[in-house]
> 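I am attaching a structure below and will ask some questions about it afterwards.
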Amino acid sequence: RLNIVRDFKEVFKYREYVKWLGVRGFMSTAQMMLVATIIAYIEKVIGVEHALASASFGVILVVFVAGSFPLWGRIAKKRGKGYALSRAILLLIAILLLAPVPYLLGSSALRIAVGYLIVAMGAVAVSAYVLFPYAVIADLAHWYETQRGESRAGLFTGFEGISINIFESLAYAITGYLMSLPPAPGTSYTMGLLLWGFVAAAFAACALAILKRTNIDPFLKK
């Protein structure tokens, strides 16, 4: 029989899982802000035609996100998923803080080159967040089962989805506000396309701070 109150209590007794929900939540906000903004950013700030902006972003996703899986996988095997994911979030924070740089460049060719470099490195950083969450939930659920003797894999997966949905809704609200800001000086596009990276970086930094205090490698041999 379903018992929602009991299930809530079971979830919140497992501290590592609760902290992981925080990591997932803050990172989901940063990632969703990136997804909601990136096409307009490539088109307006970097200065690429709309159709080319969409197509090029798709190519970058395939090449750099999927292409970086082996890199993060090797790091995780040697040092653990927590170490690999924390390094990826650090890289993502640095890249997000560089978002306004193309706006400051006068040369169109230089602006496009630097802009695409920023987008490509951002894709490398995001790839670790795409790769690891499913393995993390599997390990945490397995650890819980070995300690408590009860299987809660479905429960852990379901509650994670609730956390992600809440934070993604927050991301849309913040992004909508940023896109309604006045135009940046000397441009026709909103100031939000220059500021969104700083806001997303703040959420990623919160995720990193929680991750540093979370053991997502309960089976890692020291």
Side-chain angles (χ1 to χ4, degrees), residues 1-35 61 65-66 68-93 96 123-174 200-222:
R1 295 181 180 180
L2 292 175
N3 189 324
I4 301 300
V5 175
R6 184 197 64 194
D7 288 345
F8 265 110
K9 289 180 179 178
E10 287 297 323
V11 165
F12 287 103
K13 284 179 183 177
Y14 192 7
R15 295 188 62 185
E16 299 307 311
Y17 175 73
V18 172
K19 288 186 286 186
W20 172 247
L21 290 183
V23 175
R24 281 287 266 165
F26 284 112
M27 275 300 295
S28 292
T29 304
Q31 183 187 39
M32 189 52 62
M33 289 186 66
L34 189 153
V35 171
L61 276 182
V65 172
S68 300
F69 286 164
L71 167 66
W72 298 120
R74 286 194 297 270
I75 295 174
K77 279 187 176 182
K78 292 181 179 180
R79 304 291 298 272
K81 296 185 295 296
Y83 179 88
L85 186 56
S86 64
R87 295 304 178 271
I89 296 176
L90 272 174
L91 175 61
L92 179 63
I93 292 170
L96 289 171
V124 172
V126 168
S127 68
Y129 180 67
V130 175
L131 179 63
F132 291 128
Y134 305 101
V136 171
I137 283 293
D139 277 355
L140 293 179
H142 188 192
W143 180 258
Y144 181 92
E145 186 174 355
T146 60
Q147 299 300 306
R148 304 287 181 87
E150 297 178 338
S151 177
R152 288 286 186 269
L155 182 64
F156 289 168
T157 304
F159 273 89
E160 186 186 42
I162 295 173
S163 171
I164 291 171
N165 288 335
I166 293 172
F167 277 89
E168 286 184 349
S169 298
L170 176 63
Y172 278 118
I174 294 173
F203 281 103
C206 291
L208 180 60
I210 299 172
L211 180 62
K212 289 290 188 179
R213 295 164 175 79
T214 308
N215 180 15
I216 62 172
D217 294 287
F219 299 103
L220 181 66
K221 294 180 180 179
K222 302 297 182 183

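One-based numbering along the sequence shown.
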> What's the verdict on ring-ring contact (aromatic ring centres under 6.0 Å, His included) for Tyr14 and Phe156, showing C-alpha distance, side-chain angles and the deciding distance?
CA-CA 10 Å; Tyr14 192 7; Phe156 289 168; 5.7 Å; yes
> Would you indicate whether the side-chain heavy atoms of Pro218 and Glu16 approach each other to under 4.5 Å?
no
> Is the closest side-chain heavy-atom distance between Leu208 and Phe26 below 4.5 Å?
no
> Measuring from atom OG1 of Thr29 to atom CG of Leu34, what distance do you get when rounded to the nearest 0.5 angstrom?
12.5 Å
> Provide the closest heavy-atom pair for Ala84 versus Ile75 in the form atom of the first, atom of the second, distance.
CB-CG2, 3.7 Å
> If I take atom CD1 from residue Ile166 and atom CD from residue Glu168, how far apart are they, to the nearest 0.5 angstrom?
11.0 Å
> Rounded to the nearest 0.5 Å, what separation is found between the OG atom of Ser68 and the CG atom of Leu91?
9.0 Å
> Which distance, rounded to the nearest 0.5 Å, do you find between the CG of Leu140 and the NE2 of His142?
11.5 Å
> Hey, would you say the Phe159 and Tyr17 ring centroids sit under 6.0 Å apart?
no
> Is it true that Asp217 and Arg79 have a side-chain N and a carboxylate O under 4.0 angstrom from each other?
no
> If we ignore angles and hydrogens, is there a donor and acceptor under 3.5 Å between the side chains of Thr157 and Tyr134?
no
> Taking the six-membered ring for Trp, is the centroid-to-centroid distance between Trp72 and Phe132 below 6.0 Å?
no
> Which atoms form the tightest heavy-atom contact between Ala171 and Met33, and what is the distance?
CB-CG, 3.9 Å
> Could you give me the CA-CA distance, side-chain angles and deciding distance for Leu220 and Lys81, then say whether side-chain contact (heavy atoms from CB on, under 4.5 Å) is met?
CA-CA 9 Å; Leu220 181 66; Lys81 296 185 295 296; over 6 Å; no
> For Ala204 and Ile89, work out which heavy atoms get closest and say how close.
O-CG2, 3.4 Å
> So, the side chain of Tyr129 versus the backbone of Ala88: is there a donor-acceptor pair under 3.5 Å, distance only?
no
> Working to the nearest 0.5 Å, report the span between CG of Leu170 and CE of Met32.
11.5 Å
> To check you understand the geometry: which heavy-atom pair defines the closest contact between Leu96 and Ala201, and what is its length?
CD1-N, 3.6 Å
> At their closest point, which heavy atom of Trp20 faces which heavy atom of Thr214, and how far apart are they?
N-CG2, 4.2 Å
> Going by salt bridge (Lys or Arg N to Asp or Glu O under 4.0 Å), name the residues that satisfy it together with Glu160, two or more places apart in sequence or in a different chain.
Arg24
> Are the side chains of Val126 and Gln31 in touch, meaning some heavy atoms are under 4.5 Å apart?
yes
> Nearest 0.5 Å, what's the CD1-OG distance between Ile164 and Ser28?
4.5 Å
